[in-house]
Amino acid sequence: RRMITALEQVVVYDPDNARAHLRLAAAYLRRFDLVQHGAENAMPLAQIREAAFAARAAASNQARRREAEQLLSRTIGDHGKQLAAALRHTRQGLALCPLQGEGYLYIAELRFLEGPETETTRQAYVDQALRVRPYDGAVLFEAGRDAWQAGNPQRWLKLWQRSFRSGLKHQRRLIEALAGRVPVAFIVQTFPVELEGARILHERCRELNDAEQLAQTAGYRARLARTEAQNLDGDEATRAWLEALWLYRELDDWDNALACAESALRGNPNHYAVRFDMARCLIRHDRFAEAETHLNWCLHRRPGDERLRSLVREVVRKQVDRPATATRTESPLSPRR
């Protein structure tokens, strides 16, 4: 609401500001999506447009066409004013500057408000957006989404691969759009997903609560973090080693976690988290004496940490219990099976 209010003031005082008109149209579209999300008929704009297109196409006479228009009006409700304003400002913005590619995409989305349309007309607007802004990541993304909805896999794949190369913002949009709809293996094989993209993909799979996909993305991200750490030094390398370590720990892969901890320790032996995580890895490998050394190092720096003291006592107890257990197991007096 604040964005719309501010932009409305801009176009009042500077009516020839083409960029402001397009940004105002985008704000109206965003507001419609937010309001529609909580509405009784929670249909996104793309679905509303497709429903309107199908209803009008099926209307064989004028009476049935009027029924389709009334159905569209009921579906949109009072929020249709947001769409009408978006279309109006889009046309104004393009009239002032026809090179704003996103404007043609807005018209492709909103032209159904003005009456019957054909997919050919809609595609012409999408093509025009690509013609004036062939390297714009946002235009490529929206054109790709249009191809996805139209069921044209070759087109959307080509457009989204180009959009993915346009920057991290567009990578995030693509990953969030694809995660949960296609396998993770397809995403990482089709797009040049680097470490930052792998982080986004991993968190997205966590939000989707998909255990299998989450494990795959954790493994992929861990391998990228490990490779990244090998090419860095100092604190940056330490953070990358720890990231890989925590991901391997999440996967219950303690061998690789220990290898990362050892590399991190060699690079930064005075880092508290490195020492503590090294101790945890050693405990999982039953190397309690070595773990105790690292835990005591940590305890010397945080003497008031009761949880740490408890862990040290547990490690000491395991060292005491372990020889006794081994002696009982290996005693010649033990009965043989």
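Note that this is a predicted model, so its numbers are computed, not measured.
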Heavy-atom closest pair (Val126 atom, Ala108 atom, distance to 0.1 Å) is CG2-CB, 4.1 Å
Check: Quick one: does Arg31's side chain have a donor or acceptor within less than 3.5 Å of a partner on Gln82's backbone?
Finding: no
TODO: Inspect the contact between Arg133 and Glu102 and indicate whether a charged nitrogen and a carboxylate oxygen are less than 4.0 angstrom apart.
DONE: no
ask   = Which is it for Ser263 and Arg266 under the side chain to side chain donor-acceptor pair (under 3.5 Å) test, yes or no, and what are the steps along the way?
value = CA-CA 5 Å; Ser263 296; Arg266 283 194 295 271; 3.1 Å; yes
- prompt: Should Tyr135 and Val132 be counted in the same cluster of Ile, Leu, Val, Met, Phe, Trp and Tyr side chains packed under 4.5 Å apart?
  reply: no
**OP:** Flag the pair Arg206 and Glu250 as a salt bridge only when some basic side-chain nitrogen lies within less than 4.0 angstrom of an acidic carboxylate oxygen.
**Re:** yes
dist Thr238:OG1 -> Glu243:CD (nearest 0.5 Å) comes out at 12.5 Å
*Does a side-chain heavy-atom distance below 4.5 Å link Leu94 with Leu96?*
no
Quiz prompt | Side-chain donor-acceptor contact under 3.5 Å, Asn256 with Arg226 | solution = yes
Contact check, side chains of Phe288 and Val316, non-hydrogen atoms, under 4.5 Å
no
Using a strict threshold of under 4.0 Å (side-chain N to carboxylate O), is an ion pair present between Glu314 and Lys318? yes
Notebook entry, point to check: Is any side-chain heavy atom of Leu247 closer than 4.5 Å to a side-chain heavy atom of His202?
Noted result: yes
Return yes if some donor-acceptor pair links the side-chain N/O of Tyr125 with the main-chain N/O of Arg111 below 3.5 Å, else return no. no
- Task: Please assess Tyr248 against Trp254 for the test ring pair (Phe, Tyr, Trp, His ring centres under 6.0 Å), listing each intermediate value before the final yes or no.
- Result: CA-CA 7 Å; Tyr248 283 126; Trp254 290 95; over 10 Å; no
Any luck finding a side-chain donor-acceptor pair between Asp235 and His271 under 3.5 Å? no
Residue set satisfying salt bridge (Lys or Arg N to Asp or Glu O under 4.0 Å) with Asp127, at least two apart, ordered chain then number -> Arg155
Review point. Are the side chain of Thr90 and the backbone of Gly103 linked by a donor-acceptor contact shorter than 3.5 Å?
Key: no
*Go through Leu22 and Tyr106 one step at a time and tell me if the side chain to side chain contact (heavy atoms under 4.5 Å, CB included) criterion holds.*
CA-CA 9 Å; Leu22 261 294; Tyr106 297 161; 3.6 Å; yes
Check this for me, if you would: do Glu203 and Arg221 make a salt bridge, where the nitrogen-to-carboxylate-oxygen distance has to be below 4.0 angstrom? yes
Show the numbers, then the answer: is there a side chain to side chain contact (heavy atoms under 4.5 Å, CB included) between Glu176 and Gln171?
CA-CA 8 Å; Glu176 290 179 349; Gln171 291 180 20; over 6 Å; no
ask   = Side chains of Leu159 and Phe141: does their closest heavy-atom pair fall under 4.5 Å?
value = no
| task | Test salt bridge (Lys or Arg N to Asp or Glu O under 4.0 Å) on Arg239 and Glu228 and set out the steps. | result | CA-CA 10 Å; Arg239 285 192 292 269; Glu228 181 87 355; over 6 Å; no
Here the gap from Arg181 atom CZ to Leu208 atom CG, rounded to the nearest 0.5 Å, amounts to 9.0 Å
**Asked** Do the side chains of Leu29 and Leu110 get nearer than 4.5 Å, heavy atoms only?
**Response** yes
Going by atom types only, do Trp156 and Asp146 share a side-chain donor-acceptor pair under 3.5 Å? no
Taking every heavy atom of Trp160 against every heavy atom of Trp148, the minimum-distance pair comes out as CZ3-CE3, 3.6 Å
(message) Between Arg162 (side chain only) and Pro134 (backbone N and O only), is there a donor and an acceptor less than 3.5 Å apart?
(response) yes
Non-hydrogen side-chain atoms of Cys260 and Trp246 separated by less than 4.5 Å: no
Shortest non-hydrogen pair, Leu295 vs Val312, comes out as CB-CG2, 3.7 Å
- Heavy-atom distance under 4.5 Å between the side chains of Leu83 and Glu109, does that happen here? no
Distance col, row Leu105:CG vs Arg122:CZ, nearest 0.5 angstrom, shows 8.5 Å
> Do Ile4 and Phe32 share a hydrophobic cluster (ILVMFWY, side-chain heavy atoms under 4.5 Å, transitive)?
Replying inline: no
| query | Are the side chain of Arg91 and the backbone of Leu87 linked by a donor-acceptor contact shorter than 3.5 Å? | reply | no
*Candidate pair Asp252 and Arg284, rule salt bridge (Lys or Arg N to Asp or Glu O under 4.0 Å), full reasoning*: CA-CA 10 Å; Asp252 204 27; Arg284 290 302 297 252; 3.6 Å; yes
Residues Ala20 and Leu7: closest non-hydrogen pair is O-CD2, 4.2 Å
Given the rule in the side chain to side chain contact (heavy atoms under 4.5 Å, CB included) test, do His294 and Leu265 qualify, once you have shown the distances and angles that lead to the verdict? CA-CA 11 Å; His294 293 290; Leu265 187 65; 3.7 Å; yes
Which of Leu168, Leu174, Thr217 passes side chain to side chain contact (heavy atoms under 4.5 Å, CB included) with Ile200? It is Leu168
Heavy-atom count check: over 12 atoms from other residues, nucleotides or ligands less than 6.0 Å from Tyr272 OH? yes
d(Gln216 CD, Leu251 CG) to nearest 0.5 Å is 10.5 Å
Would you mind writing out the side-chain donor-acceptor pairs for residues 297-307 within the sub-3.5 Å range, not counting sequence neighbours?
{"unit_1": "Arg301", "atom_1": "NH1", "unit_2": "Trp297", "atom_2": "O", "d": "3.0"}
{"unit_1": "Asp305", "atom_1": "OD1", "unit_2": "Arg307", "atom_2": "N", "d": "3.1"}
{"unit_1": "Asp305", "atom_1": "OD1", "unit_2": "Leu308", "atom_2": "N", "d": "3.1"}

To the nearest 0.5 Å, atom CG of Asn17 lies from atom NE2 of His21 at 7.0 Å
Any carboxylate oxygen within less than 4.0 angstrom of a Lys/Arg side-chain nitrogen, looking at Glu292 and Arg287? no
Same cluster for Phe276 and Leu242 if Ile/Leu/Val/Met/Phe/Trp/Tyr side chains link at under 4.5 Å?
no
When every non-hydrogen atom of Ala129 is compared with those of Val139, the smallest separation belongs to O-CG1, 3.7 Å
ask   = Would you say Val188 and Leu195 are hydrophobically clustered, going by side-chain heavy atoms of ILVMFWY under 4.5 Å?
value = yes
Practice prompt. For side chain to side chain contact (heavy atoms under 4.5 Å, CB included), just list the numbers for Gln213 and Leu201, CA-CA rounded to whole Å, side-chain angles, deciding distance to a tenth of an Å, and then say yes or no.
Written response: CA-CA 10 Å; Gln213 301 287 332; Leu201 181 58; over 6 Å; no
Report, as yes or no, whether the 6.0 Å neighbourhood of atom CD on Glu194 holds more than 12 heavy atoms from other residues, nucleotides or ligands.
no
All heavy atoms of Cys205 vs all of Val184, minimum pair found to be SG-CG2, 3.9 Å
Under a 4.5 Å side-chain heavy-atom rule over Ile, Leu, Val, Met, Phe, Trp and Tyr, are Ile107 and Leu130 clustered together? no
When rounded to the nearest 0.5 Å, the distance separating CZ of Arg1 from CG of Leu34 is 10.0 Å
- prompt: Any side-chain heavy atom of Trp241 sitting closer than 4.5 Å to one from Leu232?
  reply: no
